[in-house]
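In what follows, residues are counted from 1 in the order of the sequence shown. As the structure lists them, so they are numbered: ligands from 1, and atoms in each ligand from 1. Keep in mind that this is a model prediction, so the values were computed, not measured.
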Amino acid sequence: MDELFFITSNRNKFLEINNMFRTSLKHVKLKRADIKKIEIQSKNLEEIVRYAAEWILENTDFRKPFFIEDAGLFIDILNGFPGPYSHYVYETIGIDGVLRLLGDIEKRDAKFLSVIAFWDGHKVVTFIGEVTGKIARCPRGSHGFGFDPIFIPNESDKTFAEMDLNEKNLYSHRSKAAKKMIDYISKILLPTKSTNSTC
Ligand code: IMP
């Protein structure tokens, strides 16, 4: 495999994963494709991305190795809301609306989940990444996208939006899912070099 397509309309997501490919999987060129895909309603992110990947295979003639990714913010005190509805919630009430929902509450634990569905040319394989943290009391930072200004991973005092791309990748849900995919590609799909030149 010398090229792999990340099907996404989100340039930030592409830059985050591309950064990992440039250091960990140099000989596979990551490219971006923006193909309209279907998204089913489900509480389960894995079900949503798997369905979307299979839908692409059944309804388009795209046949190059590709992956798609779906993520969500799950807030403990809200029983996991907005979770799979994060995109809609971001577009409607946004960061301010989420902060208003939490008000002054002390218990601000939350997690981000990312699920990648990767089509290796034969089958769809999924990889999950998770980061736990807290919702900040007010937005901080100007990097990134979405809920980055209000999410503080447990291993840091900064919000994701106060981190550059490399620092966010040290902790993020997406980098953890992408790392699993990169390991899978390195081990399973790329031919290993023989150490014995006579064989
Ligand atoms: P999507 O469906 O994967 O695009 O993610 C749903 C929503 O979750 C997005 O619209 C963002 O608002 C939010 N989101 C997903 N990933 C991230 C992230 O890494 N940082 C901040 N917000 C994110």
Side-chain angles (χ1 to χ4, degrees), residues 5-20 32-53 55-56 66-76 78 80-102 108-118 126-136 138-156 158-181:
F5 284 81
F6 183 6
I7 299 182
T8 181
S9 56
N10 186 324
R11 188 171 167 271
N12 285 288
K13 287 185 176 186
F14 178 80
L15 292 176
E16 287 177 17
I17 297 188
N18 192 37
N19 215 36
M20 297 177 69
R32 183 154 79 102
D34 190 1
I35 297 175
K36 280 266 161 291
K37 53 189 189 304
I38 199 138
E39 232 179 65
I40 52 161
Q41 292 279 326
S42 166
K43 286 187 197 150
N44 185 324
L45 283 184
E46 192 172 2
E47 206 173 286
I48 296 171
V49 274
R50 180 174 282 282
Y51 187 93
W55 186 90
I56 289 170
F66 73 84
F67 66 93
I68 55 177
E69 188 261 3
D70 206 11
L73 176 65
F74 297 73
I75 302 176
D76 287 10
L78 304 178
F81 182 83
Y85 313 109
S86 296
H87 180 71
Y88 181 68
V89 166
Y90 182 77
E91 295 290 320
T92 51
I93 62 172
I95 285 180
D96 288 346
V98 169
L99 290 179
R100 273 199 302 275
L101 279 178
L102 290 184
R108 307 180 78 85
D109 305 80
K111 69 179 176 191
F112 263 121
L113 276 184
S114 160
V115 187
I116 287 176
F118 166 58
T126 55
F127 304 96
I128 302 175
E130 174 181 320
V131 55
T132 52
K134 298 223 175 329
I135 302 297
C138 38
R140 296 194 323 247
S142 55
H143 295 288
F145 68 101
F147 295 110
D148 277 348
I150 55 165
F151 186 83
I152 307 168
N154 281 336
E155 296 84 355
S156 175
K158 295 183 194 170
T159 66
F160 272 162
E162 292 177 302
M163 301 178 183
D164 65 18
L165 209 132
N166 283 319
E167 196 176 358
K168 181 179 173 185
N169 272 351
L170 292 178
Y171 311 108
S172 90
H173 48 313
R174 184 163 303 104
S175 69
K176 288 175 184 162
K179 164 102 177 48
K180 289 180 187 170
M181 175 176 67

Go through ligand 1 atom by atom and flag the ones less than 4.0 Å from a non-hydrogen atom of Lys168.
18 (C), 19 (O), 20 (N)
Please confirm whether Asp70 comes under 4.0 Å of ligand 1, counting heavy atoms of the residue only.
yes
Closest protein heavy atom to atom 15 (C) of ligand 1, given as residue, atom name and distance to 0.1 Å
Ala71 CB, 3.6 Å
Results of side chain to side chain donor-acceptor pair (under 3.5 Å) for Thr126 - residues two or more places apart only:
Glu46
Specify whether His173 and Phe112 have parallel, tilted or perpendicular ring planes, treating 30° as the upper limit for parallel and 60° as the lower limit for perpendicular.
parallel
Give a yes/no on ligand 1: does Phe145 have at least one heavy atom closer than 4.0 angstrom to it?
yes
Who's the nearest protein heavy-atom neighbour of atom 3 (O) of ligand 1, and how far?
Lys13 NZ, 2.5 Å
N/O separation below 3.5 Å, Gly146 to ligand 1:
no
Please check if the side chain of Asp148 supplies one atom and the backbone of Phe145 the other of a donor-acceptor pair under 3.5 Å.
yes
Aromatic ring pairing Phe6/Phe67, orientation class (parallel under 30°, perpendicular over 60°, tilted between):
parallel
Return yes or no for this condition: an N or O of Glu16 is under 3.5 Å from an N or O of ligand 1.
no
Identify the closest protein heavy atom to atom 22 (N) of ligand 1: which residue and atom is it, and at what distance?
Phe147 N, 3.0 Å
Taking the side chain as everything from C-beta on, heavy atoms only, tell me whether Asn44 gets closer than 4.5 Å to Pro84.
no
Which residue and atom name correspond to the protein heavy atom nearest atom 8 (O) of ligand 1, and how close is it?
Ser86 CB, 3.4 Å
Nearest protein heavy-atom contact for atom 10 (O) of ligand 1: which residue, which atom, what distance?
His87 ND1, 3.2 Å
Winner among Phe151, Tyr90, Tyr88, Tyr85 once heavy atoms are compared against atom 12 (O) of ligand 1:
Tyr90
Is there a donor-acceptor pair closer than 3.5 Å between any side-chain N or O of Arg108 and the backbone N or O of Ala136?
yes
Does even one non-hydrogen atom of Asp148 get within less than 4.0 Å of ligand 1?
yes
Against heavy atoms of His173, which atoms of ligand 1 measure under 4.0 Å?
16 (N), 17 (C), 18 (C), 19 (O)
How far is atom 16 (N) of ligand 1 from the closest protein heavy atom, and which atom is that?
Arg174 NH2, 2.8 Å
Can you tell if the side chain of Lys180 reaches within under 4.5 Å of the side chain of Ile116, non-hydrogen atoms only?
no
So, do Leu101 and Phe81 sit near enough that their side-chain heavy atoms are less than 4.5 Å apart?
yes
Taking only residues two or more places apart in sequence, or in another chain, which ones meet Ser156 in a side chain to side chain donor-acceptor pair (under 3.5 Å)?
none
